[in-house]
Amino acid sequence: QVQLVESGGGLVQTGGSLRLSCAVSGRTISTSRMGWFRQSPGKEREFVAGISRSGGQTRYASSVEGRFTISRDNGKNTMSLQMSGLKPEDTAVYYCAANPGGRIGLRMEDYDSWGQGTQVTVSS
């Protein structure tokens, strides 16, 4: 059974930084596309960032490009999201996701395994 566990969320002021981590068990992530999504109250879950199986390709939502960096460590079976220049509109529950496959997935249906989420709150 695949399990994804996010950590690193918290409360930060506008302009601050946080680093989210996603630890995966039950599957070797070297064979999986990985991604981060987020969901704010009253809104649909949205794509934030994705990374290919090898880590050689990344994609970002336009709202976070230049501020967030996704990375993966296949040897440790983990993925991270470094967030800087945080804004109040980045406040959301952040979810990591995984699915066997090589290409980056931009849609929720591109992923079959999800974490429970970690709350990120950016105060103004």
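It should be emphasised that the depicted structure is a prediction, and the values quoted were computed from it without experimental measurement.
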Given Leu18, which of Leu86, Thr121, Asp90 fulfils the side-chain contact (heavy atoms from CB on, under 4.5 Å) condition?
->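 With Leu18 as partner, Leu86, Thr121, Asp90 yield a single side-chain contact (heavy atoms from CB on, under 4.5 Å), made by Leu86.
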
Given Leu81, Val48, Leu20, Ile104, the one that forms side-chain contact (heavy atoms from CB on, under 4.5 Å) with Ile70 |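 Only match with Ile70 under side-chain contact (heavy atoms from CB on, under 4.5 Å): Leu81.
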
If we only count heavy atoms from C-beta on, is the [X] to [Y] side-chain gap below 4.5 Å?
X      : Y     : answer
Met83  : Val12 : no
Gln82  : Ser71 : no
Arg38  : Ser63 : yes
Trp36  : Glu6  : yes
Ser123 : Leu11 : yes
Met108 : Glu44 : no

Are Phe37 and Trp114 near enough that their ring centres are under 6.0 Å apart?
->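 Close enough - the centres of the two rings lie under 6.0 Å apart.
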
Please report the interatomic distance [atom1]([X]) to [atom2]([Y]), rounded to the nearest 0.5 Å.
X      : Y     : atom1 : atom2 : answer
Ser124 : Gln13 : OG    : CD    : 9.5 Å
Ser30  : Asp73 : OG    : CG    : 11.0 Å
Thr58  : Ile51 : OG1   : CD1   : 6.5 Å

Work out which heavy atom in [X] is nearest to a heavy atom in [Y]; give both atom names and the distance.
X      : Y      : result
Gly117 : Val93  : CA-CG1, 3.7 Å
Asp110 : Leu106 : OD2-N, 3.1 Å
Arg53  : Arg72  : O-CZ, 3.3 Å
Ser17  : Gly85  : OG-N, 4.5 Å

Heavy atoms from other residues, nucleotides or ligands near [atom1] of [X] exceed 12 (cutoff 6.0 Å):
X      : atom1 : answer
Arg103 : CZ    : no
Glu89  : CD    : yes
Arg59  : CZ    : no
Glu109 : CD    : yes

[X] side chain to [Y] backbone, donor-acceptor under 3.5 Å:
X      : Y      : result
Ser40  : Thr91  : yes
Ser113 : Ala97  : no
Arg33  : Gly101 : no
Arg45  : Tyr95  : no

In this structure, which one of Asp112, Asn77, Asn99 forms a side chain to side chain donor-acceptor pair (under 3.5 Å) with Arg27?
->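 Testing each of Asp112, Asn77, Asn99 against Arg27, the sole residue satisfying side chain to side chain donor-acceptor pair (under 3.5 Å) is Asp112.
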
Is Tyr111 reachable from Phe68 through a run of I, L, V, M, F, W or Y residues, each pair having side-chain heavy atoms under 4.5 Å apart?
->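 No, Phe68 does not connect to Tyr111 through the hydrophobic network.
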
